[in-house]
Amino acid sequence: MSDSAVDSPQTPSWVYTFGRNLISPLARAVYRPRVEGKHHVPKHGAVIFASNHLSFIDSIAIPVAAAPRPVHFLAKAEYFTGPGLKGWLSRTFFTAVGATPVQRGVGQAAMEALEQQKQILESGAAIALHPEGTRSRDGRLYKGRTGVAFLALETGTPVVPIGLIGTDRVMPVGARMPSLKERVVVRFGEPLDLSHHGPNSGRARRAATDEIMSAIHALSGQELAGTYNEPPAEGAVEKIKRALPHERK
């Protein structure tokens with residue numbers, strides 16, 4: 001994705017415009033999503049959509065449900081850098097659905113991702129984020145990480161909670177193709193003004209995040225996990241570190 005796509009999301013590229021006009025009607029026709037609380041979606045101005053995360057297609061379901069409002073979200077940088085025809089198709093698809101490339105990780109990579117999202121919000125656009133950080137593999141709702149709250153408190157942007165239901169049945173983790181038999185439910189909740197938590201501090205971010213997750217839980221009805229969702233350990237060293245209590249976060 002070009003820098004202009006990030007700096008000026010209010011004037012999206014032709015690829016995004018074409019993709020949204022093509023994918024949204026097609027997805028609605030095939031999956032017949034039931035959208036509840038659509039009146040809670042602001043028509044103008046910056047907004048953060050914060051939802052549970054069950055499937056790869058969550059980032060497609062939200063823009064489809066929020067249409068015609070453009071929605072931007074983060075996607076792994078690897079989706080934009082692949083070689084050959086497969087890489088071009090991946091790059092074009094993710095650009096078309098409003099994705100912003102980001103390097104996964106902590107520290108500087110995480111801060112750069114937040115800065116990208118902050119710039120998008122400051123332009124008056126909408127973004128979608130998953131406070132759990134990664135997909136739930138068991139269907140439970142995990143504890144939220146504080147990035148969404150950081151952005152909301154830093155920019156004064158309202159947060160619209162979303163409960164996604166059925167996306168894990170349409171495309172379970174590990175599936176290559178989505179099922180055509182299931183129906184998705186997208187529930188938008190009332191916008192949350194988190195300014196009452198005070199200035200952007202660690203305590204304020206934690207309290208604001210818990211409020212966001214409580215609103216998502218009320219919409220999704222998932223069982224609460226009560227812990228953070230960690231991606232599967234890769235490699236023997238990481239698996240050993242995960243098994244040692246003193247090494248866990």
Side-chain angles (χ1 to χ4, degrees), residues 27 31-37 48-65 73-76 78-79 94 97 99 102 104-106 110 113 128-149 159-189 192 205-249:
Y31 293 107
R32 300 164 292 112
R34 191 167 79 231
V35 181
E36 301 175 3
I48 301 172
F49 295 109
S51 83
N52 55 328
H53 198 8
L54 296 169
S55 170
F56 169 82
I57 68 166
D58 293 346
S59 296
I60 300 174
I62 294 172
V64 167
F73 63 94
L74 296 176
K76 292 189 298 184
E78 289 83 354
Y79 291 143
F94 281 96
V97 295
V102 62
R104 278 190 169 183
V106 296
L129 294 170
H130 304 293
E132 293 170 278
T134 190
R135 288 172 285 179
S136 172
R137 292 176 175 266
D138 58 13
R140 296 186 296 168
L141 183 67
Y142 284 81
K143 191 173 180 179
R145 301 182 187 274
T146 60
V148 174
V159 175
V160 173
I162 298 176
L164 296 173
I165 301 172
T167 56
D168 54 334
R169 295 191 297 272
V170 171
M171 194 166 187
V173 175
R176 297 198 173 196
M177 295 295 293
S179 168
L180 300 180
K181 299 178 181 179
E182 304 292 341
R183 189 174 185 183
V184 172
V185 177
V186 183
R187 290 177 177 160
F188 293 98
L192 303 175
R205 289 193 293 273
R206 183 69 263 164
T209 299
D210 291 343
E211 181 178 346
I212 294 167
M213 297 310 296
S214 178
I216 292 173
H217 176 241
L219 295 166
S220 72
Q222 294 166 270
E223 177 186 348
L224 294 174
T227 186
Y228 290 110
N229 189 11
E230 297 179 340
E234 297 182 2
V237 174
E238 183 61 26
K239 289 179 181 178
I240 293 173
K241 288 171 65 178
R242 294 275 182 93
L244 297 174
H246 65 279
E247 291 284 356
R248 297 182 63 84
K249 297 180 180 179

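Just the heavy atoms: all of them, side chains too, but no hydrogens, waters or symmetry mates, feed the values below.
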How long is the span from the CG atom in Leu129 to the CZ atom in Phe49, to the nearest 0.5 Å?
11.0 Å
Can you tell me how far apart NE2 (His130) and OH (Tyr142) are? Round to the nearest 0.5 Å.
16.0 Å
How far does CD of Glu223 sit from NE2 of His217, to the nearest 0.5 angstrom?
8.5 Å
For the pair Asn229 (side chain) and Arg135 (backbone), establish whether a donor and an acceptor sit closer than 3.5 Å, ignoring hydrogens and angles.
yes
Quick check: closest heavy atoms across Leu219 and Gly189, and the distance to 0.1 Å?
CD1-N, 3.7 Å
Taking only distance into account, with no hydrogens and no angle test, what donor-acceptor pairs under 3.5 Å do side-chain atoms of residues 159-176 form with protein atoms, sequence neighbours excluded?
residue	atom	partner	partner atom	Å
Thr167	OG1	Asp58	OD1	2.7
Arg169	NE	Glu182	OE1	3.4

Roughly how far, to the nearest 0.5 Å, is CD of Glu132 from CD of Glu230?
13.5 Å
Quick one: list whatever passes salt bridge (charged side-chain N to carboxylate O under 4.0 Å, His left out) with Arg187, sequence neighbours left out.
Glu36
When you measure from the side chain of Ser214 to the backbone N and O of Asp210, does any donor-acceptor pair fall under 3.5 Å?
no
Using every non-hydrogen atom in the two residues, find where Gly144 and Tyr228 come nearest and quote the distance to one decimal.
O-CE2, 3.6 Å
Approximate separation, where rounding is to 0.5 Å, of Ile216 CD1 and His53 NE2
11.5 Å
Minimum heavy-atom distance Ala65-Val35, with the two atoms named:
CB-CG2, 3.9 Å
Measuring from atom OG of Ser51 to atom CD1 of Ile212, what distance do you get when rounded to the nearest 0.5 angstrom?
11.5 Å
Checking Arg183 now: which residues fulfil salt bridge (charged side-chain N to carboxylate O under 4.0 Å, His left out) with it, not counting sequence neighbours?
none
